[in-house]
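Since the structure comes first, as structure tokens, the remarks are kept for the end.
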Amino acid sequence: MKELKILAVVVFFSLAVYILVEPIAHGVMHKTIDKQGFAYKDLPDVNKKGDATRGKDLVMGAGACTGCHSIEVAGIAPTMDALTASSSYGVVPPDLSIAGAIYDERFLHALIKNPAKALDVEHKFTPDSGKMHPMSSFGGAGGDIDQEIADMVAYLKSIAPDSASVTPTQAFENACGRCHEVRYTNWTQMGEKPKFKKERDSLIYDANVLDYQDNLKKYMGKLPPDLSMKYGARGEQFMSTFVENPQGLLHGTSMPRVGLNAESAEKTLQYLHDSYEPQAMREERDRTGLWVMGFLLILASVAYLWKREVWKDLH
Amino acid sequence: MANFAKANSVEEWLDQRLAIRTIRRVMSTEYWIPKNVNFLWAMGMILMVTFKLLLVSGIFLLMYYQPNVDTAFDSVNYTIMQDVAYGWLWRHVHAVGASVVFLIIYIHMFTGIYYGSYKKGRELIWISGMILFITFSGLAFSGYMLPWGQMSYWAGMVITNLFSAGSLELHGIVEWVRGDYVPGQAFLDRFFMQHVLLLPLGVLGAIGLHFAALRLPHVNNQDGEEINFEEEAAKYKAGKKKESKVMAFGNDFLSKDIFVLSVFLIFFFYLVFWHYGFALDPVNLDPADGLKTPAHIYPEWYFLWSYEILRPFPKDPGLIAFAFSQVILLLLPFLDRSPNVAPANRRGPFAIWFWVFLVDMIVLTAMGKLPPEGIFNTIGLVAAIVFILLWVALPFITKLEKRL
């Protein structure tokens, strides 16, 4: 039929424009890297079995972790408030309560041994720069250093909750939330901003966040961006590979590789997806869409029957 | 005072006062359309409906949008998208509508060019249509400024820079257009005004002109056949509907229009609910930052062809080529010297001209988006030169055309 042939021509040229302008041009403009499944293959294998009891002594003692890190589940409070910590270290050292659940085991090992290397920020802390990574390398407590690290990791895993019970917010807070704000979820680098009764208290909170951000700027070189819309602006592929390997997509960036395991990375991405486009909204869209499609299909059928009826008299 | 008899129905009452029966006759039941048309003749109706969708969704968006450089981005991306019930739906309809309206405009334009629907009394239809196209372009551009994202800011910067007219360096005009040295509050405010008032008024006026210009010459048909509308209409009215070459707009053509329209709406709302990403450029989901130029600055897809006529040349020739591309289509009825009103495929060399032109526009569109590097640059330059040569050659090609 002639009309269908014409339709085919129109569809052909429209699709040609679409394919050239969207998938092809975007493919050329935005280079992607492959997902590696959060396996951190460049880091050495772990072949020692750790002992949590010895690990606990090391974490509290010779490892000196608690000098900077709090471990709330073990009753160890932060040594200073967030603002003071950020002025000392650049950023608040994370609480270690769920570290064993959200970070990859191989990564934790490498981190304790040589933080700058595991975090993939050695370019920032070269000998020439005169700067040291705020977390010092663990030099060993006199025994087999790999065994000692395995013990510490075993301890962190023993106190951590089941990884399935970690919420997207917790994963996000640990991995991203101490450097990035997300204003659409009311998240500041100092945590979720509480509701204040007095305007004055709210302003004080904001002022503290500004001071924190100044410390962060000094440490990172610039203020890390707000992440509210990033999932939409960069897409799932970019976000996932960027969290896994920041240097791979943005060479020279001061953002560290955070070392999440695959499960927690997925939760972190879920948090970012929800800040851009909440789950409920996506569901509402699908639901509404189906209703509208149903209506339009009925409309088209009735319109077709009407047209046939009217045109019977014309030809 | 005129003598009004008592009316026996609401319709009669209204007819006495507004002449609605006459209006219906003139606009619908005795508005004659050739039978020999295909679904491409329904594009006008589709455009009208898409424009209405844009208007209605725009009114809803306007209730929450804030034209302020500090709040515009969040009012769109948070307030409208997440806080307002179904705000996302209006935003998606508006964004997808802005893109799709251009797709249909281009289909409508190429239909007109293919069937020669701009000749022999139909010149003003074409010209008013091009005025509509230009007004819609202004609407699309000004609307693109409003979310105040990275691409809003930088596209605004690049396009307003064109007013410096290359080597003439008329920076004063650029500042006057922007209301500032760089895009800022004054810039956003004036584009907001243009988008929600000035240009919609212009579109409404131009639609009126476009329809009025259609009235006397009537719409073209698939063979470019000259129809004696009065004679054919008389046949139709005498009950010989089957023999007449024409049909009434309402309900004959309207019934088909509405069927084509509902198929279009299925496509449209599929995009709105499940494939809207192409209409919300990811770069524009980053807030405007005057200190950070995006790696690639490009317009929305419907402007890419003219952008690519500007880009491959040095500054001044590029601007001249760009200006040429903006006005030359307007002159089509006068550049086509052939007396034939017929589908392009029956017009000899013009058939080649038409298909080369269509493909060249698509090539320009693709190259306008790809980064200007290596082979893309060369292809873009060639396509831009082909565009200019095609229009220079048009009067000669059509002059030589044999009378059909």
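What you see below is based on every heavy atom in this structure, not just the backbone, and it leaves out hydrogens, waters and symmetry mates. Proteins get letters first, then strands, A, B, ... in listed order; numbering begins at 1 in each.
Heavy atoms closer than 4.5 Å to chain A are found in the side chain of B:Ile107, but not in its backbone. There is no contact between A:Phe295 and chain B, counting heavy-atom distances below 4.5 Å. No part of B:Tyr114 comes within reach of chain A, as not one of its non-hydrogen atoms sits under 4.5 angstrom from that chain. Residue A:Asp286 touches chain B through both its backbone and its side chain, counting heavy-atom pairs closer than 4.5 Å. For B:Tyr236, the part sitting under 4.5 Å from any heavy atom of chain A is the side chain, from C-beta outward, and nothing else. Contacts of A:Arg308 with chain B are absent, with no heavy-atom separation under 4.5 Å from either backbone or side chain. The parts of A:Leu290 that come within reach of chain B are both its backbone and its side chain, each placing non-hydrogen atoms under 4.5 angstrom from that chain. Looking at B:Tyr270, both its backbone and its side chain come within 4.5 Å of chain A, counting heavy atoms on both sides. Of the atoms belonging to B:Val246, not a single heavy atom falls under 4.5 Å from chain A. For a residue to count as touching a neighbouring chain, one of its non-hydrogen atoms must lie under 4.5 Å from one of that chain's; by this rule A:Ile19 does not touch chain B. Of the atoms belonging to B:Leu358, it is side-chain heavy atoms, and not backbone ones, that fall under 4.5 Å from chain A. Proximity to chain B is absent for every atom of A:Glu309, based on heavy atoms less than 4.5 angstrom apart.
The candidate with the highest count of non-hydrogen atom pairs below 4.5 Å against chain B, out of A:Leu314, A:Val292, A:Val28, is A:Leu314. When each of B:Leu103, B:Leu254, B:Asn77, B:Asn284 is scored by its heavy-atom pairs under 4.5 Å with chain A, the top score falls to B:Asn77. Contact count against chain A (heavy-atom pairs under 4.5 Å) is highest for B:Lys242 among B:Glu373, B:Lys35, B:Lys242. The candidate from B:Phe73, B:Trp274, B:Phe376 with the greatest count of non-hydrogen atom pairs under 4.5 Å with chain A is B:Trp274. Between chain B and the options A:Leu299, A:Val17, A:Thr288, the largest number of non-hydrogen pairs under 4.5 Å is found for A:Thr288. In terms of heavy-atom pairs under 4.5 angstrom with chain A, the leader among B:Tyr86, B:Phe269, B:Tyr78 is B:Tyr78. When A:Met281, A:Met229, A:Met29 are compared by the number of non-hydrogen pairs under 4.5 Å with chain B, A:Met29 comes out ahead. Heavy-atom pairs under 4.5 Å with chain A were tallied for B:Asp281, B:Asp252, B:Leu370; the largest tally goes to B:Asp252. Here A:Leu296 is the residue among A:Val302, A:Leu297, A:Ile24, A:Leu296 with the most heavy-atom pairs under 4.5 Å with chain B.
Within the 4.5 Å cutoff, the side chain of A:Tyr184 has no heavy atoms near those of the B:Met81 side chain. Counting heavy atoms from C-beta on, the side chains of A:Trp311 and B:Met247 come closer than 4.5 Å. Using a 4.5 Å cut-off on side-chain heavy atoms (C-beta onward), B:Thr365 and A:Leu20 make no contact. Proximity of B:Leu40 to A:Glu3: side-chain heavy atoms (C-beta onward) are nowhere separated by under 4.5 Å.
Using the six-membered ring where Trp is involved, B:Phe259 and A:Tyr304 have ring planes that are tilted, between 30° and 60° apart.
Shown here for A:Val21 and B:Lys369, the closest heavy-atom pair between the two residues is O-CE, 3.4 Å. Heavy atoms only, all atoms of each residue included: A:Gly232 and B:Pro282 are closest at O-CB, 4.0 Å.
Between A:Ser228 atom OG and B:Leu285 atom CG the span is 12.0 Å, to the nearest 0.5 Å. Atom CZ of B:Phe39 sits about 11.5 Å away from atom NZ of A:Lys2, to the nearest 0.5 Å. A distance of 9.5 Å separates CG of B:Asn38 from CE of A:Met1, quoted to the nearest 0.5 Å.
Remark: A:His251 NE2 is loosely packed, at most 12 non-hydrogen atoms of other residues, nucleotides or ligands lying under 6.0 Å away. In this structure, A:Arg282 places its CZ atom where more than 12 heavy-atom neighbours from other residues, nucleotides or ligands lie under 6.0 Å away. More than 12 heavy atoms of other residues, nucleotides or ligands sit less than 6.0 Å from atom CD of A:Glu22. Other residues, nucleotides and ligands place no more than 12 heavy atoms under 6.0 Å from the OH atom of B:Tyr64. No more than 12 heavy-atom neighbours from other residues, nucleotides or ligands sit within 6.0 angstrom of NZ on B:Lys245.
In this structure, A:Lys307 does not pair ionically with B:Asp257, as no charged nitrogen and carboxylate oxygen lie closer than 4.0 Å.
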Candidate pair B:Asp286 and A:Arg234, rule side-chain contact (heavy atoms from CB on, under 4.5 Å), full reasoning = CA-CA 9 Å; B:Asp286 277 330; A:Arg234 298 291 181 276; 2.7 Å; yes

